[in-house]
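A note on names: the letters A, B, ... follow the listed sequences, proteins ahead of strands, and every chain is numbered from 1.
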2 protein chains.
Amino acid sequence: MLEARLEQANILKKVVDAIKDLVQDCNFDCNDSGVALQAMDNSHVALVSMMLKAEAFSPYRCDRNIALGVNLTSLTKVLRAAQNEDVLTMKAEDAPDSLNLVFESSDNDRISEYDLKLMDIDQEHLGIPETEYAATIAMPAAEFKRICTDLAAMSESVTIDASKDGIKFSCNGDIGNGAVTLRSHSNVEKPENNVDIELTEPVALTFSLKYLVNFCKASALSNQVKICLSNEVPLLVEYNLSGSSYLRFYLAPKIGDEE
Amino acid sequence: MLEARLEQANILKKVVDAIKDLVQDCNFDCNDSGVALQAMDNSHVALVSMMLKAEAFSPYRCDRNIALGVNLTSLTKVLRAAQNEDVLTMKAEDAPDSLNLVFESSDNDRISEYDLKLMDIDQEHLGIPETEYAATIAMPAAEFKRICTDLAAMSESVTIDASKDGIKFSCNGDIGNGAVTLRSHSNVEKPENNVDIELTEPVALTFSLKYLVNFCKASALSNQVKICLSNEVPLLVEYNLSGSSYLRFYLAPKIGDEE
DNA sequence: TTCTCGTTGT
DNA sequence: ACAACGAGAA
């Protein structure tokens with residue numbers, strides 16, 4: 001039996017909004033440590049990995065492993081019914097055929113209750129190897145979003161160069177070329193604006209901007225985003241939520257010099 | 001001869017927007033008490049009743065009864081020419097074949113004048129019986145709209161249960177079930193957020209969400225909406241405009257347990 | 001189907 | 001106050 005109360009229904013709403021265009025159906029795997037989700041996008045180029053730790057809920061109770069097979073479009077419809085400040089309680093049986101979601105307005109004058117039908121989904125649970133990345137960049141999520149959407153206006157793909165001088169996003173398109181270079185800097189006054197680059201060796205890789213722009217829908221979840229790169233390995237884009245919960249996106253680099 | 005000056009052309013614009021999808025052609029019945037409109041929708045399931053009292057205009061003058069047979073699509077096109085803050089003056093002869101509409105910008109720098117051709121419409125003037133409703137709910141128009149659109153995402157129809165505990169909107173759909181429950185409450189600080197339930201006996205009726213969503217286009221006209229229910233009787237959804245003018249929608253309940 | 005307007009969220 | 005999203009109109 002699962003019972004999980006989330007003070008801000010908003011969080012789940014934003015998480016689902018950020019991944020629903022990549023993944024249609026997926027399991028929410030619940031156990032005593034929290035709620036996890038892992039899914040590849042349809043074209044198997046990107047992978048989403050979410051972890052909402054038990055600490056993100058209060059209370060949280062989940063005696064045994066439960067897989068909630070959810071259609072994210074349907075879940076979006078239900079979550080759309082949540083007002084901004086609603087408290088969300090999710091409940092499910094041990095072998096559930098539906099997920100119960102209750103939204104309570106903070107003043108308790110309105111209660112919305114939904115039962116979402118579940119489905120059986122074959123889990124292709126991919127163990128994601130813990131990688132030591134050659135380059136790890138932390139930067140404002142809004143800035144990363146801005147760069148991706150700006151460059152997406154010119155080109156299909158972006159090359160990310162991480163060197164000790166800084167990080168450079170560049171693209172070549174029909175109407176011209178573009179490049180944005182960031183140098184690491186920190187400001188004690190506004191740590192959310194910091195750009196931090198940790199590097200063991202220079203890396204340059206090319207990625208589809210369409211996917212990156214998609215990942216950036218998660219920008220509202222966190223001030224900062226972490227971007228991790230190594231040669232031959234998928235890019236990791238990570239948004240940290242409160243209490244070591246996270247939303248991570250992996251994207252395989254484009255290989256060769258394909259456009 | 002009719003001459004009616006409306007300080008905010010916007011009002012008429014919103015009213016016509018709210019009903020033009022239900023009704024194509026209808027009479028604006030003008031007399032010394034104001035401008036009235038009554039029409040059934042094409043499928044004869046819903047009825048619209050509007051009353052713009054003479055006090056809503058300044059000045060207002062209408063010596064004798066005049067029926068202005070208007071095509072609402074055409075009227076919409078004309079009203080679209082009104083800027084938000086324009087003052088609208090409508091004029092018509094006693095036996096008019098056209099309606100004259102003049103829009104004046106508040107600073108008098110621009111005057112737009114339109115003549116809308118009228119048509120003869122056979123009036124099926126339905127006397128609407130004054131009903132004592134078993135349940136009368138007043139609530140924020142925006143909240144009613146929210147509930148209707150949320151539930152419409154899941155189902156074709158909604159069941160409204162009014163009891164002394166509160167009012168419950170529930171639906172059953174392919175992807176699951178949903179229900180929103182409101183308790184009555186009032187806040188002197190924000191009376192526009194009040195939910196007020198007056199009940200002589202519990203009522204539960206089922207209605208088409210498509211129509212309700214349509215009615216909710218009128219939400220911009222008033223902070224609050226009034227919902228009146230009785231068994232065996234059409235639902236009344238009422239938006240009150242300034243000075244006891246109103247826009248009312250009636251909707252016959254779904255009978256039996258048709259999906 | 002594309003564009004514009006209005007609404008909501010940041 | 002600005003930007004993004006969704007809804008409605010052309």
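- Rounded to whole angstrom, the span from the NZ atom of B:Lys145 across to the C1' atom of D:dA7 amounts to 9 Å.
- Residues A:Asp86 and A:Arg110 are paired through a salt bridge, judged by an N-O separation under 4.0 Å between the basic side chain and the carboxylate.
- Between the CG atom of B:Asp41 and the SG atom of B:Cys26 there is a distance of 12.5 Å, given to the nearest 0.5 Å.
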Identify all side-chain donor-acceptor contacts of residues 139-148 of chain A below 3.5 Å with residues at least two apart in sequence or on another chain.
| from | atom 1 | to | atom 2 | distance (Å) |
| --- | --- | --- | --- | --- |
| A:Arg146 | NH1 | A:Asp150 | OD2 | 3.0 |

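- A:Gln83 has its CD atom 17 Å from the P atom of C:dT7, to the nearest Å.
- Using a 4.5 Å heavy-atom threshold, the side chains of B:Tyr211 and B:Val45 count as touching.
- The shortest distance between the side-chain N/O atoms of A:Asn84 and the OP1/OP2 oxygens of C:dT8 is not below 4.0 Å.
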Can you tabulate the close N/O pairs, meaning under 3.5 Å, that link protein atoms to atoms of nucleotides 8-10 of chain D?
| from | atom 1 | to | atom 2 | distance (Å) |
| --- | --- | --- | --- | --- |
| D:dA9 | OP1 | B:Lys20 | NZ | 2.9 |
| D:dA9 | O3' | B:Arg80 | NH1 | 2.7 |
| D:dA9 | O3' | B:Arg80 | NH2 | 3.4 |
| D:dA10 | OP1 | B:Arg80 | NH1 | 2.1 |

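- Atom CG of B:Leu221 and atom P of C:dG6 are 15 Å apart (whole Å).
- Under the side-chain contact (heavy atoms from CB on, under 4.5 Å) criterion, A:Asn177 pairs with A:Asn172, not counting sequence neighbours.
- Rounded to whole angstrom, the span from the NZ atom of B:Lys14 across to the P atom of C:dG6 amounts to 11 Å.
- Side-chain atoms of B:Glu113 and B:Asn100 form a donor-acceptor pair, as typed in the model, at a separation below 3.5 Å.
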